[in-house]
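Would you mind keeping the following structure in view while I ask a few things?
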Amino acid sequence: MPAQRAIADYFWGLGDYLKFLFWSLPIAQNIERHAGSGARRCQIERSQQDLLRRCANALLLTKDPNSQLIERYLRLAAEGGDSSAQLSYGLWIARMDESGHRLPSIPGVAHYKKAIRWLSLAADQGIAAAWYAMSRIYLKPEFSRRSINEARRYLEMAAVTGHVRSQLELGLVAWRSRKVEKGSDIRAVYWLQTAAGQDNREAKSLLERIAPPARKAEWAHAARAVFSRDTSNQYPFLAARVELGYWFGLTRAEALLIDI
């Protein structure tokens, strides 16, 4: 079995999911058999949880019609404490992907309350995508506990945890409400900069439109070059105006109008 697992891991690394399943499914069946069921279910090892989750994902990727097997493997790994499996199982129960879109390929009815339970377990283990998935569930009109406030709360938790899409969406929401909420434009730029720091192209593009780079102010560059420490100490407000003009590309008039 260790040799079979090594070959299965090799094909998983190559992205050859059919060959991965050929070697891993017999191991997964053996794990499931020894784990038992119901109240007599035994705790399985972390490496076994990982294999079961990979088997379920590989079956999904190869569009295998055996949905019952996928659900059994995901649940077994999730019950063992595998955070990625808890995320996948929660999404499976909700019949959606990580973006919140309905997956018609998964049969059956979505159970959002049950999905939130498993997504919460994954989120508590630091899986940011689980917070984001819950925010999508709370926006669904068919969900009996639909709440825009709860959706916003989970979206913020996902953003704080490092979820790029959440950061981008919070930036967009804040920017749209800048005319009615004080400081909303600052929050918008903060979240967009955070997303851009993770190389999100859409956030970078929006930042360039919202806060374009400062143009070079020739007068400030020239003045700054001749200012000595003594001059700056003697005329601190003038030095401050020159410094601000230098960094923010201000005109002379703009620099003079600033309340230092």
Side-chain angles (χ1 to χ4, degrees), residues 12-13 15 17 46-47 49-63 67 70-71 73-106 108 110-143 145-174 187 190-204 206:
W12 176 265
Y17 301 118
R46 181 56 60 89
S47 61
Q49 297 166 16
D50 182 61
L51 179 81
L52 291 170
R53 173 175 49 79
R54 286 184 175 184
C55 282
N57 289 335
L59 288 167
L60 276 169
L61 291 167
T62 54
K63 297 180 172 56
S67 59
I70 295 170
E71 185 163 356
Y73 286 170
L74 282 177
R75 175 162 190 147
L76 190 57
E79 287 175 345
D82 186 287
S83 57
S84 296
Q86 289 167 348
L87 170 64
S88 297
Y89 187 49
L91 292 172
W92 174 271
I93 295 169
R95 304 298 191 259
M96 69 182 201
D97 59 17
E98 288 189 19
S99 299
H101 298 126
R102 181 73 164 84
L103 288 177
S105 58
I106 304 177
H111 298 282
Y112 294 125
K113 290 180 182 178
K114 187 178 177 183
I116 285 173
R117 172 178 169 257
W118 287 104
L119 291 170
S120 298
L121 291 172
D124 289 341
Q125 294 196 65
I127 304 296
W131 293 118
Y132 182 74
M134 284 191 284
S135 77
R136 302 303 90 185
I137 288 176
Y138 275 98
L139 285 177
K140 291 187 176 294
E142 65 269 28
F143 183 36
R145 288 163 54 188
R146 185 178 188 270
S147 169
I148 294 175
N149 290 333
E150 283 295 289
R152 177 71 177 268
R153 184 168 73 89
Y154 286 125
L155 187 65
E156 289 178 351
M157 294 175 81
V160 170
T161 316
H163 193 266
V164 180
R165 185 68 200 177
S166 301
Q167 294 166 350
L168 174 64
E169 289 189 17
L170 278 178
L172 291 170
V173 169
R187 286 195 301 274
Y190 169 76
W191 285 118
L192 290 173
Q193 283 181 333
T194 307
Q198 298 196 63
D199 206 27
N200 183 275
R201 292 183 180 179
E202 192 174 349
K204 288 180 179 179
L206 285 166

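Starting from 1, each residue takes its place in the sequence as its number. As a basis for the values below, the full set of heavy atoms in this structure was taken, side chains included, without hydrogen atoms, waters or symmetry mates. Since the model is a prediction, treat every value here as computed from it, not as a measurement.
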Heavy-atom closest contact (Ala56 atom, Ile70 atom, distance):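 Closest heavy-atom pair between Ala56 and Ile70: CB-O, 3.8 Å.
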Side chain proximity check, Arg165 to Leu168, heavy atoms < 4.5 angstrom: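 Yes. Closest side-chain heavy atoms under 4.5 Å.
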Side chain Glu150, main chain Tyr138, donor-acceptor under 3.5 Å: no
Arg187 atom CZ, over 12 foreign heavy atoms within 6.0 Å: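 Atom CZ in Arg187 is crowded, with more than 12 foreign heavy atoms closer than 6.0 Å.
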Heavy-atom donor-acceptor pair, Glu98 side chain to Leu87 backbone, under 3.5 Å: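 Absent.
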For Asp97, side chain to side chain contact (heavy atoms under 4.5 Å, CB included) partners two or more places apart: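 With sequence neighbours excluded, Asp97 shows a side chain to side chain contact (heavy atoms under 4.5 Å, CB included) to Ser99, His101, Leu103, given in chain and number order.
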Whether over 12 other heavy atoms sit under 6.0 Å from Lys204 NZ: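 For Lys204, atom NZ is crowded (more than 12 foreign heavy atoms under 6.0 Å).
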Over all atoms of both residues, closest heavy-atom pair of Ala94 and Ala110: O-CB, 3.3 Å
Atom pair CG/CD of Leu76 and Gln49 - distance to nearest 0.5 Å: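 Leu76 CG to Gln49 CD: 8.5 Å, rounded to 0.5 Å.
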Intermediate values then yes/no, side-chain contact (heavy atoms from CB on, under 4.5 Å), Ile106 and Met96: CA-CA 8 Å; Ile106 304 177; Met96 69 182 201; over 6 Å; no
Pairs flagged by salt bridge (Lys or Arg N to Asp or Glu O under 4.0 Å) wherever residues 122-141 is involved - sequence neighbours left out: Arg136-Glu169
pair Gln167-Asn200: side-chain heavy atoms closer than 4.5 Å: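 No. Closest side-chain heavy atoms not under 4.5 Å.
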Rounded distance [0.5 Å steps], CE in Met157 versus OG in Ser166: 11.5 Å
Please tabulate, for the side chains in residues 115-123, all donor-acceptor contacts under 3.5 angstrom to protein atoms that are two or more places apart in sequence or on a different chain.
unit_1: Ser120; atom_1: OG; unit_2: Ile116; atom_2: O; d: 2.7

Leu74 CG to Cys55 SG distance, which is reported to the nearest 0.5 Å: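 Between atom CG of Leu74 and atom SG of Cys55 there are 10.0 Å.
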ring-ring contact (aromatic ring centres under 6.0 Å, His included) partners of Tyr132, counting only residues at least two apart: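 So Tyr132 forms a ring-ring contact (aromatic ring centres under 6.0 Å, His included) with His163.
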Gln86 side-chain N/O to Ala78 backbone N/O, donor-acceptor pair under 3.5 Å: yes
From Leu51 atom CG to Asp82 atom CG, the distance as rounded to the nearest 0.5 Å: 11.0 Å
Closest non-hydrogen atom pair, Ala77 against Leu52: CB-CB, 4.2 Å
Tyr112: ring-ring contact (aromatic ring centres under 6.0 Å, His included) partners, not counting sequence neighbours: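 ring-ring contact (aromatic ring centres under 6.0 Å, His included) check on Tyr112 returns Phe143.
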Point-to-point distance, once rounded to the nearest 0.5 Å, from CG of Leu172 to CG of Leu192: 6.0 Å
Sub-4.5 Å side-chain heavy-atom contact between Leu60 and Trp92: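 They are in side-chain contact.
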Expected output: side-chain Arg146 to main-chain Leu139 donor-acceptor under 3.5 Å: yes
For Trp12, all residues meeting ring-ring contact (aromatic ring centres under 6.0 Å, His included), sequence neighbours excluded: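 With sequence neighbours excluded, Trp12 shows a ring-ring contact (aromatic ring centres under 6.0 Å, His included) to Tyr17, Phe20, given in chain and number order.
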Leu59 CG to Tyr73 OH distance, which is reported to the nearest 0.5 Å: 7.5 Å
Salt bridge flag under 4.0 Å for residues Arg153 and Glu156: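 No, no charged N to carboxylate O under 4.0 Å.
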Carboxylate-amine/guanidinium proximity below 4.0 Å for Arg54 and Asp50: yes
